[in-house]
Amino acid sequence: MAIESIKDKTAIVGIGVIDFSTNIGRSEWYSACQCIKLAADDAGLNIYDIDGMVKNIDDGPDPSYVQKGLGIDNLTYHSESHWGTSAMMNAVQGVASGSCNYCVYYQAAHRVSGPEKSISDYRVAREVKDDSLDMIRYDFFSPFGLIGQPGYVAMMYRRYMHETGITPEQLGWIPVVDSENAAKNPNAIFFDKPITIDDYMKSKVIADPIRELDCAPKVDGAIAIIVTTPEKAKSMKQKPVIISSNAAGMAPEGQFHTSYTRDVITELPEMKNMGDELFRIAGIGPKDIKLAMLDDTFTPYVPLQLEALGFCGKGEGAAFIEGGERIRVGGELPINPDGGLIGQGRFDTTRIVEAVRQIRGTSTNQVAGADTILVASGAGGPADGLILRKA
Amino acid sequence: MTVEYNPDQKIPHPAMWGVLYKSSTPFWEGVKNKKIMLQKCKSCGNLLNPPRPMCPKCQSQENEWITAKGTGKIYSWVTFNEAPHPAFKAPYAAVLVELDEGPRIVSNMVDVKPEDLEIGMAVEVTFEDVAEDLTLPKFRKAG
Ligand SMILES: [Zn+2]
C-alpha cells in the first residue's frame, strides 16, 4: 500500500513511434533520437523543454547518449528500470515529485537487426549465450534442453491445460483477434489479413503445446512517450491523457517465465498484486475499464491476466476469450485493438501508445467510449501497469 | 527414448564455476556420485531446488544438503519439435518432476516417448553420462 498521491498527478502529452521493421538498417541511437523528436513534435514541445529521460535497461542506448544525440542542455532526472514498461513508473514519479517537468520514456530496440542477440529468443529460439550469470536457467534448465522462452512458457501452459481444461482451440482466439486487429493497423507489420482459428490450429507447434503463433515475434522499433503534469498539459497541443494510477507488482517465488517453484504455477500473482494496487489508487474497479491493453507476448498469459486483473473469475479466462466476441472491438472488454504484440512485434510500449490513441480518439480501430483504459505489462514476471483516462 | 544429441555440438553444461553463484556446486557434485542433492535450510528445514543464497521462509543462510530418494511424479512437460539449441535432436521433451520430498526438478525421461507422457506419472531417477565430462540426472517410469 503506497503512493496514493500519484493519482491523476501526471499526464501523457506526446507519443512518437517509428515504423516497425524486421531490418531497420539504422542504429538504436538513431531511432531513439528520432522517436523522441517525433514525440516532442506530437506534444508541441521544443526539444529543449525535455528535462527528464527514462528507459528500460535492455532497450537501446542510455540517456547520456540520447541527451547528447538530441543536443539537450541538461537532464535534471534520468534513470533506467527493468522489465515490461516499468520505466513508465520512473517517468510518473519523476514528474509527480517535481524532479522534472517533461519526462520522456523511450524504448528504442532493434531486436532483429540490432546488437543484442540473446537467449530470450522471440518467435523461434536459436541463439544461445553461454556466458550468462543466470544460474538457475543455465545450471538447471539448459543441460536438459529446456531453453528459450517459448519452452519455458509451454511448461506452464501444459500444466494450465491439465488443471483447467483450456484447449488450443480456445487460446487460438488471441492470435485470431490480434490478426484481425493488426490487419486494420497500418503500423502492424505481421498480418496483412486476418487468420482463422483453423489457420491457427494448422500452424507450427514449436514447443508443444506452444505454437509459433502463440509467441510475439521480435521486431525493430522505437517509441517515445512524454509525461508532464495535467496543469502543464492543459495548454499543450494534444488532449491530455491522465494517468489515473500506475503500479508495479511482484510475488513470492517469481522467476521470469519460469516460476516453477510456486505451489501453483498457473496464476500471475505479480499481475494480481499490480492490478489490485492500480484499482486501489485509481479508486475504480474492473467493471469501469472500457478497454484492456494486455501483455500477449505469449498467448497463455492473456486468459491468466483476465483472471489476475479481476475481469473474470479464476478458471474463466479461457471461456472469456473463446470465439473472440467478448474481446473484439464492440465486445464486453476489447483487448489490444492495435493487434497486440502478436500483430506488431514484441514491443511493450505499443500498449501505452494505443491506449493514448484510443483516449484521443485517433486509433485506426477505435473503441467507442474508450475513456478509461488499463494497460498491463510484464506477464510471467515482475508486472507493471497503468490506468489511463480522458481528462 | 532418451534425448538424442548431435555429437559434434557441445551440450550446455551447468556453469558450475559461474562468477555470481557457487551455490549449485553441491548439486552437481552429487550428480557425479549418482545422487540428487537438495539444499535444506538448517534453521527451518525448508527444502530448496534449485539452491539459492538464502532461505526465503526464514532468511537463514545456514544450510545443509540431503540426498533425495529420487522418486517423484511428472508435474508438467514440454515437447520441443524444433531444437532451441544445436546439441539437441528434436523432437524431445523436457519434464518438470515433482520429487516426493516436494521440490521440483527439470529433467528428461530416458524410456518414455514424448507422446506417452502424462501428468502424474510416477518416475524414478537414473543417471546418464551424456558427455565425457557431463552426467545428468534423468528419469524413467517407476516400478
Ligand atoms: Zn528456513
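Below, read A as the first sequence line, B as the second, and so on, with proteins coming before strands; counting in each chain starts at 1.
- Rounded to the nearest 0.5 angstrom, B/Glu82 CD and A/Glu212 CD are separated by 6.5 Å.
- Contacts of B/Pro137 with chain A are made by both backbone and side-chain atoms, with heavy-atom separations under 4.5 Å.
- Summarising the geometry, atom CG belonging to B/Leu117 is positioned 8.0 Å from atom CZ belonging to A/Arg158; distances are rounded to the nearest 0.5 Å.
- Residue contact with chain A, scored on non-hydrogen atoms closer than 4.5 Å, involves the side chain of B/Phe27 exclusively.
- Enclosure of atom CG in B/Asp8 by more than 12 non-hydrogen atoms of other residues, nucleotides or ligands within 6.0 angstrom is indicated.
- Atom CD of B/Gln59 is surrounded by more than 12 heavy atoms from other residues, nucleotides or ligands within 6.0 Å.
- Heavy-atom minimum distance, A/Ile147 versus B/His85: CD1-CB, 3.6 Å.
- For the atom pair B/Ile119 CD1 and A/Glu163 CD, the distance stands at 7.5 Å (nearest 0.5 Å).
- The structure places CZ of A/Arg211 at 10.0 Å from CG of B/Asn81, a figure rounded to the nearest 0.5 Å.
- With a 6.0 Å radius and a threshold of 12 heavy atoms from other residues, nucleotides or ligands, B/Lys57 has its NZ atom at or below the threshold.
- Of the two parts of B/Phe80, the backbone and the side chain both hold a non-hydrogen atom closer than 4.5 Å to a non-hydrogen atom of chain A.
- Around the CD atom of B/Glu62, the shell of radius 6.0 Å holds no more than 12 heavy atoms that belong to other residues, nucleotides or ligands.
- Atom NZ of B/Lys138 has more than 12 heavy atoms from other residues, nucleotides or ligands within 6.0 Å.
- Residue A/Leu146 comes nearest to B/Val78 through the heavy atom pair CD1-CG1, 3.8 Å, listed as atom of the first residue, atom of the second, then distance.
- Using a 4.5 Å cut-off on side-chain heavy atoms (C-beta onward), B/Pro56 and A/Glu253 make contact.
- The nearest pair of heavy atoms linking A/Arg262 to B/Arg104 is O-NH1, 2.6 Å.
- Smallest separation of non-hydrogen atoms from B/Tyr75 and A/Arg159: O-NH1, 3.0 Å.
- Shown here for B/Ala94 and A/Met155, the closest heavy-atom pair between the two residues is O-CE, 3.6 Å.
- Closest approach of A/Phe144 to B/Tyr92, counting heavy atoms only: O-CE1, 3.9 Å.
- The closest side-chain heavy-atom distance from B/Pro50 to A/Tyr260 is not below 4.5 Å.
- Heavy atoms closer than 4.5 Å to chain A are found nowhere in B/Val130, neither backbone nor side chain.
- For A/Glu80, the side chain to side chain donor-acceptor pair (under 3.5 Å) partners are A/Lys55, not counting sequence neighbours.
- Using a 4.5 Å cut-off between heavy atoms, B/Ile11 contacts chain A through its side chain alone, with no backbone atom that close.
- Annotation: maximal heavy-atom pairing with chain B below 4.5 Å, among A/Ala207, A/Gly145, A/Pro252, A/Ala154, occurs at A/Gly145.
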